[in-house]
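Notes for the one structure printed next.
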Amino acid sequence: MDDQPTEATTNDAATGRANSRTAHGLRQRRRLQMFLMKSREWLIPMAILGLGLVFPAGARAGVDIEAAKALARQNNCFKCHGISKEKDGPAYTAVAEKYRGKENAEARLIEHITSGEKAKFPDGHEEAHKIVKTSPPDDMAQIKNLIDWILSL
Ligand code: HEC
């Protein structure tokens, strides 16, 4: 008789703990998901900021033209973009012209080739723009080099 309530209390306490642990776990997971979602939005600007801090201005201006072209070739960018010839997409010289003197040009274009945002084709249809692939994956230095090359044209 004496044991009954104690056992019940213990069980209740155990169940309560288990419940709160599950709820806590869920909350934690949701918080992690939110964090990952938010951090994805921040990843690119932060990476750019990081590169800006790591490389002094001189090094930043230096573009590896051959590496940029090679990455563009591997990604079939030239199927839709000529360097100076308009195809389905604008010529890269026209892109450089459009963004000349714009402060956020690099970040804007990195976003353009990494996010799969909608691209409008000359025939009026829209589809997700090609997302650049690097080896190793998501190599921001290679992506940045490609965009810097386009902007330098
Ligand atoms: C299937 C065709 C296609 C491929 C492949 C393609 N693009 Fe594009 N790209 C387009 C089109 C179409 C636009 C115009 C988008 C718009 O104005 O809405 C565009 C626009 C752009 C722009 C200009 C964006 C702006 O804000 O003005 C850049 C830079 C660009 N592409 C780079 C690339 C790079 C780098 C690659 C390869 C990784 C690539 N594209 C592959 C079709 C393509």
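This is a predicted model, so every value here is computed, not measured. Heavy atoms only: backbone and side chains are in, while hydrogens, waters and symmetry mates are out. Start at 1 and go down the list; that is how both ligands and their atoms are numbered.
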Taking the side chain as everything from C-beta on, heavy atoms only, tell me whether [X] gets closer than 4.5 Å to [Y].
X    : Y    : result
I147 : H112 : no
H129 : I113 : yes
Q142 : V132 : no

Would you mind telling me if ligand 1 is within reach of the side chain of [X], the backbone, both or neither, using heavy atoms under 4.0 Å?
X    : result
H81  : side chain
N76  : backbone
P122 : neither
K120 : both
L109 : side chain

Quick test: of every protein heavy atom, which one is nearest to [atom], and how far off is it to 0.1 Å?
atom                    : answer
atom 23 (C) of ligand 1 : V95 CG2, 3.9 Å
atom 2 (C) of ligand 1  : C80 SG, 1.9 Å
atom 13 (C) of ligand 1 : P90 CD, 3.7 Å
atom 37 (C) of ligand 1 : C77 SG, 1.8 Å
atom 34 (C) of ligand 1 : Y92 OH, 3.3 Å
atom 11 (C) of ligand 1 : G89 CA, 3.7 Å
atom 25 (C) of ligand 1 : Y99 OH, 3.3 Å

Heavy atoms only: give me the nearest N145-G62 pair and the separation to one decimal.
-> OD1-O, 4.5 Å
On a heavy-atom basis, the closest approach of A68 and L146 is O-CD1, 3.5 Å
Show which atoms of ligand 1 fall inside a sub-4.0 Å distance from at least one heavy-atom site of [X].
X    : answer
L146 : 35 (C)
A119 : 15 (C), 18 (O)
I113 : 32 (C), 33 (C), 34 (C), 35 (C)
N75  : 38 (C)
F121 : 1 (C), 2 (C), 12 (C), 42 (C)
D88  : 12 (C)

Side-chain donor/acceptor of K87 to backbone N/O of F78, under 3.5 Å | yes
N75 side chain to C77 backbone, donor-acceptor under 3.5 Å | no
More than 12 heavy atoms from other groups under 6.0 Å of CD on E126 | yes
Evaluating non-hydrogen atoms only, which member of E126, H112, R108 is closest to atom 24 (C) of ligand 1?
-> H112
Determine, for R100 against E97, whether the closest basic-nitrogen to carboxylate-oxygen distance falls under 4.0 angstrom.
-> yes
First locate atom [atom1] of [X], then atom [atom2] of [Y], and finally report the distance between them rounded to the nearest 0.5 Å.
X    : Y    : atom1 : atom2 : result
K98  : R108 : NZ    : CZ    : 7.5 Å
E127 : K118 : CD    : NZ    : 9.5 Å
I143 : D148 : CD1   : CG    : 12.0 Å
T114 : I131 : OG1   : CD1   : 7.5 Å

Backbone or side-chain N or O of K98 under 3.5 Å from ligand 1 N or O | yes
Atom 8 (Fe) of ligand 1 to nearest N/O/S of H129 below 2.8 Å = yes
Within less than 4.0 angstrom of ligand 1, does A72 place any heavy atom?
-> no
